[in-house]
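Written out below as structure tokens is the structure these notes cover.
Just the heavy atoms: all of them, side chains too, but no hydrogens, waters or symmetry mates, feed the values below.
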Amino acid sequence: MNVYCEISAVQDTKGSSKSFPKHETRHLSEHKNIARCARFSPDGRFVATGSADTSIKLFEISKIKQMMLPDSKEGPVRPVIRTFYDHVQPINDLDFHPQSTVLISGAKDNTIKFFDFSKATAKRAFRVIQDTHNVRSVSFHPSGDFLLAGTDHPIAHLYDVNTFQCYLSANSPEIGVNGAINQVRYSSTGGMYVTASKDGAIRLWDGVSASCVRAIAGAHRTAEATSACFTKDQRFVLSCGKDSAVKLWEIGTGRLVKQYLGATHTQLRCQAVFNDTEEFVLSIDEPSNEIVIWDALTADKVAKWPSNHIGVPRWIEHSPTEAAFISCGTDRSVRFWKENL
């Protein structure tokens with residue numbers, strides 16, 4: 001089901017907002033420093049978190065659910081199945097290979113590291129890409145043959161995963177001094193990718209030619225654009241910025257279709273994400289330390305929940321396959337949220 005088919009048609013949507021189901025939440029684990037990022041595997045079976053302590057934790061979702069059962073008879077269940085230590089600076093972003101048991105991480109030490117999580121004893125990366133810049137964001141092409149690195153450089157670095165050859169767009173737009181990329185994400189087919197930049201712009205790029213096909217300058221006015229992701233049908237992009245706005249853009253026209261307002265985020269690299277069905281949008285309200293949820297279609301705020309973190313969450317990531325999400329905290333902790341069944 002695609003709620004956006006209705007977007008152009010629906011004018012008067014008052015009173016038709018869906019209610020977001022109640023969730024239960026559980027503290028999963030503690031890093032030794034700020035938990036900065038999280039990513040689910042495409043099949044929803046695993047989630048990984050990265051920290052300022054330079055470590056990465058890998059969790060198995062079935063074990064998390066077992067741990068959340070009221071009476072676990074087998075004694076304590078440990079949901080962390082792997083911990084990787086191979087970076088020397090904080091982890092910025094993570095991604096899973098679409099077909100194999102490989103996790104990649106981008107970090108402030110200018111590297112992208114490849115970890116094979118099928119091996120129980122491997123603590124270190126089996127391959128490393130040395131970039132020239134702080135690697136702020138990473139995204140695998142759906143084929144698994146390419147990956148994008150968003151860095152302090154204004155143009156995403158495209159790597160061939162098999163040869164480590166790096167390609168840069170030859171016909172890229174002139175991007176000013178403040179063009180560092182906060183987030184890069186491929187679309188579901190890899191036909192396009194999107195970048196959210198410190199200069200406040202959202203830019204859409206052709207996945208084959210790597211040329212910029214649309215630049216939405218000032219998407220978040222003069223504030224940083226902190227996250228951007230495609231809808232599954234690749235018709236829209238959801239962006240978040242330090243102007244405290246979450247916005248939905250139509251890719252074909254560059255038109256602003258929806259604004260999700262009422263959450264303040266001006267300090268941190270805040271994420272706005274869809275739930276698994278794309279019926280809801282989730283983000284963070286920094287002053288109240290709450291998770292805010294909107295109906296994606298009506299843009300009405302439908303829920304505000306205490307984050308249960310001490311201090312504001314740094315990152316929110318939703319499962320691609322079910323009603324569950326992860327929040328990562330300045331308090332070093334990782335929390336799992338799932339719908340009350």
Side-chain angles (χ1 to χ4, degrees), residues 1-8 10 13 17-18 20 37-40 93 95 137 139 148 150 181-197 200-205 213-221 223-265 268-285 291-303 313 315-320 323 325-327:
M1 184 196 112
N2 177 3
V3 292
Y4 296 104
C5 302
E6 308 154 43
I7 272 182
S8 329
V10 174
T13 53
S17 293
K18 298 184 175 76
F20 193 67
C37 56
R39 202 71 174 272
F40 281 84
D93 198 14
D95 201 10
S137 186
S139 182
L148 284 166
I181 294 169
N182 279 320
Q183 193 159 75
V184 61
R185 293 291 182 258
Y186 268 112
S187 66
S188 56
T189 61
M192 273 184 289
Y193 55 95
V194 62
T195 53
S197 299
I202 299 293
R203 294 181 179 89
L204 295 153
W205 308 76
V213 291
R214 184 175 300 285
I216 305 170
H220 290 275
R221 304 205 294 266
E224 290 183 37
T226 50
S227 80
C229 61
F230 289 91
T231 52
K232 288 171 194 163
D233 66 6
Q234 309 179 80
R235 288 178 53 210
F236 301 92
V237 158
L238 182 72
S239 73
C240 181
K242 288 190 178 178
D243 60 345
S244 297
V246 175
K247 300 181 179 185
L248 190 73
W249 307 90
E250 188 174 52
I251 289 164
T253 60
R255 193 167 64 93
L256 176 63
V257 238
K258 296 276 167 193
Q259 285 203 71
Y260 306 96
L261 302 172
T264 303
H265 32 88
L268 301 174
R269 184 178 57 150
C270 180
Q271 309 291 303
V273 295
F274 284 107
N275 76 321
D276 56 311
T277 62
E278 296 186 344
E279 292 171 284
F280 297 98
V281 171
L282 292 77
S283 194
I284 307 287
D285 183 61
I291 291 164
V292 182
I293 298 119
W294 295 265
D295 180 300
L297 196 56
T298 65
D300 287 338
K301 204 191 299 178
V302 292
W315 195 280
I316 187 167
E317 192 77 16
H318 202 286
S319 166
F325 63 93
I326 286 273
S327 56

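When atom types are taken as modelled, the side chain of Ser197 and the backbone of Ile181 share no donor-acceptor pair closer than 3.5 angstrom. Remark: side-chain polar atoms of Lys18 are not paired, donor with acceptor, to backbone N or O of Glu279 under 3.5 angstrom. Panel note: side chain Glu278, backbone Lys232; a donor-acceptor pair is recorded below 3.5 Å. Between the Lys258 side chain and the Leu297 main chain, a donor and an acceptor come within less than 3.5 Å of each other. No donor-acceptor distance shorter than 3.5 angstrom exists from the side chain of Trp315 to the backbone of Ile326, with no hydrogens or angles considered. In this structure a side-chain-to-backbone donor-acceptor pair under 3.5 Å is present from Asn182 to Ala225.
In this structure Thr189 satisfies the side chain to side chain donor-acceptor pair (under 3.5 Å) test together with Gln234, sequence neighbours excluded. Looking at residues two or more places apart in sequence or on another chain, you find no side chain to side chain donor-acceptor pair (under 3.5 Å) involving Asp276. Phe230 is linked by a ring pair (Phe, Tyr, Trp, His ring centres under 6.0 Å) to nothing, counting only residues two or more places apart in sequence or in another chain. Taking His220 as the reference, Ser239, Asp243 meet the side chain to side chain donor-acceptor pair (under 3.5 Å) condition, with sequence neighbours excluded. The ring pair (Phe, Tyr, Trp, His ring centres under 6.0 Å) check on Phe40 picks up nothing, with sequence neighbours excluded. Residues passing the salt bridge (Lys or Arg N to Asp or Glu O under 4.0 Å) test with Glu317 are Arg39, sequence neighbours excluded. Arg185 is linked by a salt bridge (Lys or Arg N to Asp or Glu O under 4.0 Å) to Asp93, counting only residues two or more places apart in sequence or in another chain.
Between Leu238 and Tyr260, some side-chain heavy-atom pair lies under the 4.5 Å cut-off. Within the 4.5 Å cutoff, side-chain heavy atoms of Ile291 are placed close to those of Ile284. A 4.5 Å side-chain heavy-atom check between Val273 and Phe325 finds every atom pair outside the cut-off.
Across Asp233, Val213, Leu204, Thr231, a single residue satisfies side-chain contact (heavy atoms from CB on, under 4.5 Å) together with Ile251, and that is Leu204.
Interatomic distance, His318 NE2 to Thr277 OG1, rounded to the nearest 0.5 Å: 7.5 Å. Rounding to the nearest 0.5 angstrom, the gap separating the OG atom in Ser187 from the CE atom in Met192 is 5.0 Å. To the nearest 0.5 angstrom, Ile202 atom CD1 is 9.0 Å from Cys240 atom SG. Atom-to-atom distance recorded for Arg203:CZ and Thr195:OG1 is 6.0 Å, nearest 0.5 angstrom. Interatomic distance, Leu248 CG to Gln259 CD, rounded to the nearest 0.5 Å: 10.5 Å. Interatomic distance, Phe20 CZ to Leu282 CG, rounded to the nearest 0.5 Å: 4.5 Å.
Residues Cys229 and Phe274 share a closest heavy-atom pair of SG-CD1, 4.4 Å. Heavy-atom minimum distance, Trp294 versus Leu261: NE1-O, 2.9 Å. Here the shortest heavy-atom pairing between Ser17 and Thr298 reads OG-OG1, 2.6 Å. Across every non-hydrogen atom of Lys247 and Ala219, the tightest pair is NZ-O, 2.8 Å. Contact record, Asp285 with Gly262: OD1-O, 4.3 Å, taken as the closest heavy-atom pair. For the residue pair Ala217 and Ala201, the shortest heavy atom distance occurs at CA-CB, 4.1 Å.
The aromatic rings of Tyr186 and Tyr193 lie perpendicular to each other, with more than 60° between the two planes, well past the 30° mark.
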